[in-house]
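Step one of this worksheet: look at the structure below.
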Amino acid sequence: MNFDHSATEEELRQRIQELLERGGLADPDFRHSGDTPQLRSSLLARFKRVGEAGYLSLGVDDGKNSPGLIAAREPLAAVAPSLFLAAEVSARLFGRLLSVYGRASQKGEILPDIKSGSLIGAVGLAETGMSVENNPFHTKGVAEGEGFRVSGSKAHVVNGPLADLIAVAGECDGGIAFFMVRSGTRGLSIGERLNTLGYNGVAISPLSLQGCFVPAASVIGPFPGTEAIRALRAWEDEILTAASLGLMRSAHEASVRYAKSHQSGGKPIIAFQEVGFKLAEMHTLLETARLLAFRAAWMADAAEREAPLLGRCAKVFCTEAAERLTSSALQILGQEGFKHSNPAEEGYRNAKYLQIAGTSSEISRMKIGDILLEGH
Ligand SMILES: Cc1cc2nc3c(=O)[nH]c(=O)nc-3n(C[C@H](O)[C@H](O)[C@H](O)COP(=O)(O)OP(=O)(O)OC[C@H]3O[C@@H](n4cnc5c(N)ncnc54)[C@H](O)[C@@H]3O)c2cc1C
């Protein structure tokens, strides 16, 4: 097992760190649906900066995770969780899908703009009531002339109201295809931006397609099996695992700072054993989560047989650890923690999303059990 970072990954980690120190990447407070145009221009400006640093390129062409990529993701997920999620969905979900499963002409036309951050991508995969990956899709594409007529709907799409291109999964010719739909295409309706518990700097919306015509040149697939869906789910889970580390890091740092500086009863609260014990447990949780995430990423990179098992264990452990750690951080920050816009309160709200989205904690545990039953 080797958690060393390649030279490229280490350079990326340092460039991201430098960018964060220069400032201007943090999430602005554009949480209302009326703010969507400002959010899009703010995201594009910040995508450009992280794109120039190489953040939107690493792991896109090969679709692989690695410990070095996890290390580069954590600081961005700590400082700008919504930028992190929007950028990961655009590059390491939409971009990877295109890069691993798309045709050369599609990649040549779209990928450079995704990697530079000048184009925003999104993926509409899940449908209400189909969180297990082998359920049938209600979204369907029917061949017509030089393309497909697509109808269906998706309930939650990250970047939905901002994206230039959305890859919408659906059934087609007895297989599964991803229809790349440009914003503004006739028949595509993007619903109102959703008001969610967390990730308030991300634009999330439902979408529906009603007889939307998608040219054959804009279709990825169709594929006979569910392999592409499984790959997308695994990439999504990696993103949510890395997001957990960022939430934990910023909430932990905030609570250590607060516990040292805030006085109660004439002492800094870190002097109270109960507070010190909480900080100790939080530190242990963060370090354990990092180790598991690194080990899962190393296994994915080395294509080890156990990689799918460890990936699921990491998703469950890290996302649930994020809720526990941010809850303790909020408790330490006391009345300050209960106010809006501090890393503990924001992390606590965001952590819940990480357990629901991608492969939920419940389904992940079932899958872990299945793999163990089969003797992996
Ligand atoms: C904010 C947000 C953004 C999202 N963005 C995207 C996106 O960009 N693209 C995309 O494709 N999807 C997206 N999703 C959808 C997401 O990936 C999940 O598929 C979706 O949240 C599943 O929710 P559900 O209520 O439909 O799940 P349900 O399947 O209805 O599950 C509800 C509950 O029941 C549990 N459950 C379900 N089946 C079982 C079972 N067999 N055994 C035990 N427990 C079970 C689940 O774990 C969960 O706790 C997003 C979701 C959210 C909340």
Side-chain angles (χ1 to χ4, degrees), residues 27 31 33 39 43 81-82 84-97 120-139 150 152-171 176-181 183 188 190-209 220 226 228-241 243-244 247 312 315-316 319-320 322-323 346 349-370 373:
D27 295 323
R31 65 176 67 203
S33 63
L39 179 57
L43 262 192
S82 291
F84 171 84
L85 186 61
E88 292 283 337
V89 165
S90 184
R92 273 180 284 271
L93 213 53
F94 176 85
R96 271 180 172 177
L97 174 71
I120 302 179
V123 176
L125 174 67
E127 292 178 7
T128 302
M130 62 146 299
S131 63
V132 182
E133 65 245 23
N134 55 4
N135 278 172
F137 284 103
H138 297 297
T139 302
V150 188
S153 61
K154 308 285 172 182
H156 287 82
V157 179
V158 164
N159 292 341
L162 315 171
D164 300 287
L165 268 174
I166 308 175
V168 181
E171 285 195 2
I176 292 164
F178 296 90
F179 302 96
M180 288 191 288
V181 188
S183 68
L188 168 70
I190 304 289
E192 183 88 349
R193 183 176 164 198
L194 300 172
N195 190 0
T196 51
L197 175 70
Y199 284 102
N200 303 115
V202 177
I204 301 164
S205 67
L207 66 79
S208 79
L209 299 110
I220 304 176
T226 53
I229 302 286
R230 279 205 297 274
L232 264 175
R233 280 293 194 208
W235 297 335
E236 215 176 355
D237 290 348
E238 284 169 8
I239 294 170
L240 302 172
T241 302
S244 315
L247 298 190
R312 293 186 188 287
K315 161 73 165 58
V316 172
T319 58
E320 293 184 357
E323 184 184 343
E346 192 187 355
R349 289 184 289 105
N350 288 347
K352 210 59 220 170
Y353 163 77
L354 306 176
Q355 298 161 26
I356 294 168
T359 318
S360 67
S361 288
E362 292 76 14
I363 306 279
S364 297
R365 283 194 168 85
M366 282 166 44
K367 297 267 175 187
I368 293 167
D370 289 348
L373 182 69

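All ligand and atom numbering here is 1-based and tracks the order in the structure.
S364 places no side-chain N or O within donor-acceptor distance of the main-chain N or O of R312, the cut-off being under 3.5 Å. Side chain of K154 to main chain of A169: a donor-acceptor pair is present (N/O by atom type, distance under 3.5 Å, no hydrogens or angles). Side-chain atoms of E323 never come within 3.5 Å of backbone atoms of A351 as a donor-acceptor pair (strictly under, hydrogens ignored).
Atom-to-atom distance recorded for F178:CZ and I166:CD1 is 14.0 Å, nearest 0.5 angstrom. Interatomic distance, S208 OG to L188 CG, rounded to the nearest 0.5 Å: 7.5 Å. The line from CG of L39 to CG of N159 is 8.5 Å long, rounded to the nearest 0.5 Å.
One option in I363, L207, N159 has a heavy atom closer to atom 40 (C) of ligand 1 than any other, and that option is I363. Taking each of K352, H156, E362, M366 in turn, the one with a heavy atom nearest to atom 52 (C) of ligand 1 proves to be H156. In the candidate list G198, A122, A357, A357 is nearest to atom 16 (C) of ligand 1, counting heavy atoms.
Atoms of ligand 1 found under 4.0 Å from any heavy atom of V157, numbered from 1 in the order shown, are 7 (C), 8 (O). Ligand 1 places these atoms under 4.0 Å from at least one heavy atom of E236: 17 (O). Every atom of ligand 1 is numbered from 1 in the order shown, and the set under 4.0 Å from a heavy atom of I356 is 21 (O). When each atom of ligand 1 is checked for a heavy atom of V158 under 4.0 Å away, the hits are 3 (C), 5 (N), 7 (C), 8 (O). Here is the list of ligand 1 atoms found below 4.0 Å of a heavy atom in I204: 1 (C), 3 (C). Listed by atom number, the atoms of ligand 1 under 4.0 Å from G358 heavy atoms are 17 (O). Atoms of ligand 1 found under 4.0 Å from any heavy atom of V123, numbered from 1 in the order shown, are 7 (C), 8 (O), 9 (N), 10 (C), 11 (O).
When non-hydrogen atoms are compared, ligand 1 lies under 4.0 Å from neither the backbone nor the side chain of L194. With a heavy-atom cut-off of 4.0 Å, L125 touches ligand 1 through backbone and side chain alike. When non-hydrogen atoms are compared, ligand 1 lies under 4.0 Å from neither the backbone nor the side chain of K154. Contacts with ligand 1 closer than 4.0 Å are made by no heavy atom of Y199, backbone or side chain. Residue-level proximity to ligand 1 for R233 is carried by the side chain, the only part with a heavy atom below 4.0 angstrom. Counting heavy atoms under 4.0 Å from ligand 1, residue S360 touches it through the side chain alone.
The N/O atoms of T128, backbone and side chain alike, include none that comes under 3.5 Å of an N/O atom in ligand 1. The N/O atoms of A126, backbone and side chain alike, include one that comes under 3.5 Å of an N/O atom in ligand 1.
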V158 and Y353: CA distance, side-chain angles, deciding distance, side chain to side chain contact (heavy atoms under 4.5 Å, CB included) verdict: CA-CA 12 Å; V158 164; Y353 163 77; 3.9 Å; yes
Trace of the side chain to side chain contact (heavy atoms under 4.5 Å, CB included) decision for L354 with Y199: CA-CA 10 Å; L354 306 176; Y199 284 102; 3.6 Å; yes
side-chain hydrogen bond (donor to acceptor under 3.5 Å, both in side chains) assessment of S33 paired with E192: CA-CA 7 Å; S33 63; E192 183 88 349; 3.2 Å; yes
Stepwise side chain to side chain contact (heavy atoms under 4.5 Å, CB included) check, E346 with N200: CA-CA 9 Å; E346 192 187 355; N200 303 115; 5.9 Å; no
Worked check of side chain to side chain contact (heavy atoms under 4.5 Å, CB included) between E236 and V123: CA-CA 10 Å; E236 215 176 355; V123 176; over 6 Å; no
